[in-house]
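Working notes, beginning with the structure itself.
The first residue in the sequence is number 1, and the count goes up from there. In what follows, every heavy atom counts, from backbone to side chain, and hydrogens, waters and symmetry copies are set aside. What you are looking at is a predicted structure, and each value in this text was computed from that prediction instead of being measured.
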Amino acid sequence: MARTHAHAARAAGAHVEAILSSAPERTAQAASELAVPHAAASLEELIDRVDVVHVCSPNRWHLEQSLAVIGAGTHVVCEKPLATSAADAARLVDASGGVVATVPFVYRFHPMAREARARVAAGEIGRLLTMRGSYLQDWLLEPGERNWRVDAVAGGASRAFGDIGSHLVDILEFVAGDRIARIAARTQTAYPERAGSAVTTEDAVAVVVETAGGAIGSLLVSQVAAGRKNALTIEVSGSAGAIAFDQEHPDELWLGGREASRILSRDAGVLAPDATRLSVVPSGHPMGYLDAFTAFARDTYAAIRGEDPDGLPRFADGARAAVLTEAVLTAAAEDRWIDIPGEGATT
């Protein structure tokens, strides 16, 4: 992720001044590979040299490192999940009032995701009735495949949902303009062991949701879905129509209607203003993940300059995802519906 953040920062006009990794030799290697001029010896040294720190370390370090950055009065970008618990995420929100603090929920920054959001907000689909979403990957399909994220100490109690489900709920709520208020869930761990170590985090999650506005929906998250590399899809359906967005085909929207459905291709001449703002290459020239990440970085730096870009995901959005993640785990463990605090849910 440091490679992706460095690319996005530079493309957004920033100078990447310093880098810090887990050990001096790793720091030196990263500095060389990413062409960063200074290999910092400590987090304090790193903070002293920059205007904004991007925290790309394993999840267990997000709280400590982000608090140190904020405590120095420095702006911060922290990878998701913002923290390994909702309580720690709330601590970061409370601490971050004096700085710009953002979370890279970058799928919001695809122009066609913004177009979907604008059309829903304009009433194009009518009253929201149902929603569905999935985020499917296969990088942990084999039992011998392992990563630090599998370790609950390093990654947190939730893996699949905390890691990629956080993206799914963020973009779904962002586009729908309605928040999840109740959750029921089931989790699955494909293998009790990986590479000789016990696995306590989930590989897949199925969730049923109810929104504050009364819509119902389903979510499926998996890191063991054969053949799926980064299949993030959402669909919102209402009394007058439906809209679907597929991250692997980000230049298109599916617009569903009773009489006919159609595909809307990205064309700045017909898009909503915020989608047009993010559409930085001519129609027919594909835009993708790195473009979305760059747009996120650009808006973060604009906020640091005192601007207020629409749709910028801040620490409160990261904390929101942490609350939903804990609700999913509780719902699955206790086999009951869980109300999400503050969303007007009813029992």
Side-chain angles (χ1 to χ4, degrees), residues 1-6 8-9 16 18-23 26-27 30 34 40 42-48 50-108 135 147-170 200-202 221 223 293 296-297 300 303-304 312-329:
M1 287 313 302
R3 186 181 303 277
T4 301
H5 279 254
V16 182
I19 194 166
L20 174 67
S21 191
S22 56
R26 299 268 300 188
T27 301
L34 300 181
S42 67
L43 181 57
E44 293 73 20
E45 180 185 347
L46 177 76
I47 293 169
D48 286 343
V50 301
D51 301 307
V52 55
V53 173
H54 289 238
V55 177
C56 311
S57 52
N59 306 342
R60 66 180 296 187
W61 300 110
H62 289 181
L63 175 68
E64 176 183 329
Q65 293 174 347
S66 294
L67 284 177
V69 176
I70 293 166
T74 301
H75 307 294
V76 60
V77 175
C78 182
E79 261 297 337
K80 53 80 214 163
L82 181 59
T84 57
S85 72
D88 284 348
R91 285 183 62 190
L92 286 171
V93 174
D94 290 342
S96 63
V99 301
V100 172
T102 63
V103 179
F105 286 134
V106 299
Y107 300 114
R108 292 185 179 196
Y135 201 158
N147 178 275
W148 63 260
R149 292 174 178 83
V150 175
D151 180 2
V153 174
S158 172
R159 173 167 35 91
F161 202 88
D163 184 26
I164 60 176
S166 55
H167 276 299
L168 177 59
V169 294
D170 179 78
T200 60
T201 54
E202 82 283 355
V221 176
Q223 294 176 324
F293 219 113
F296 160 75
T300 294
I304 290 171
L312 180 63
R314 299 180 185 259
F315 270 21
D317 299 294
R320 166 75 183 166
V323 167
L324 290 171
T325 297
E326 287 197 357
V328 164
L329 294 184

Do other residues, nucleotides or ligands put more than 12 heavy atoms under 6.0 Å from [X] [atom1]?
X   : atom1 : answer
R60 : CZ    : yes
E64 : CD    : no
D51 : CG    : no

Fill in: Intermediate values then yes/no, side chain to side chain contact (heavy atoms under 4.5 Å, CB included), R314 and V100
CA-CA 8 Å; R314 299 180 185 259; V100 172; 4.1 Å; yes
Can you list, pair by pair, the side-chain donor-acceptor contacts under 3.5 Å of residues 151-161, counting residues two or more places apart and other chains?
| from | atom 1 | to | atom 2 | distance (Å) |
| --- | --- | --- | --- | --- |
| D151 | OD1 | V153 | N | 3.0 |
| S158 | OG | G162 | N | 2.9 |
| S158 | OG | E202 | OE2 | 2.7 |
| R159 | NE | T201 | OG1 | 2.9 |
| R159 | NH1 | E202 | O | 3.4 |
| R159 | NH1 | D203 | OD1 | 2.9 |
| R159 | NH1 | Q223 | OE1 | 3.1 |
| R159 | NH2 | T201 | O | 3.2 |
| R159 | NH2 | T201 | OG1 | 3.4 |
| R159 | NH2 | E202 | O | 3.3 |
| R159 | NH2 | D203 | OD1 | 3.0 |

Please report the interatomic distance [atom1]([X]) to [atom2]([Y]), rounded to the nearest 0.5 Å.
X    : Y    : atom1 : atom2 : answer
K80  : D317 : NZ    : CG    : 15.0 Å
W61  : L43  : CH2   : CG    : 11.0 Å
R3   : L34  : CZ    : CG    : 5.0 Å
D88  : L67  : CG    : CG    : 8.5 Å
S166 : Y135 : OG    : OH    : 8.5 Å
F105 : L82  : CZ    : CG    : 8.0 Å

Of all heavy-atom pairs between [X] and [Y], which one has the smallest distance, and what is that distance?
X    : Y    : result
S42  : L20  : C-CD2, 3.6 Å
R26  : S21  : CB-OG, 3.6 Å
A89  : A322 : CB-CB, 3.9 Å
P104 : V77  : CD-CG1, 4.1 Å
F296 : V106 : CB-CG1, 3.9 Å
T74  : V99  : O-CG1, 3.6 Å

Without swapping roles, check the side chain of [X] against the backbone of [Y] for a donor-acceptor pair under 3.5 Å.
X   : Y   : answer
H62 : P81 : yes
T27 : A23 : yes
S66 : L63 : no

Item to complete: Report the C-alpha distance between F315 and V76 in whole Å, list the side-chain angles of each, state the deciding distance to 0.1 Å, and finish with yes or no for side chain to side chain contact (heavy atoms under 4.5 Å, CB included).
Response: CA-CA 10 Å; F315 270 21; V76 60; 3.7 Å; yes
Practice prompt. Give the C-alpha distance, both sets of side-chain angles, the deciding distance and a yes or no for side chain to side chain contact (heavy atoms under 4.5 Å, CB included) between E79 and H5.
Written response: CA-CA 10 Å; E79 261 297 337; H5 279 254; 2.8 Å; yes
Practice prompt. Check whether any side-chain heavy atom of V221 lies under 4.5 Å from a side-chain heavy atom of L168, and answer yes or no.
Written response: yes
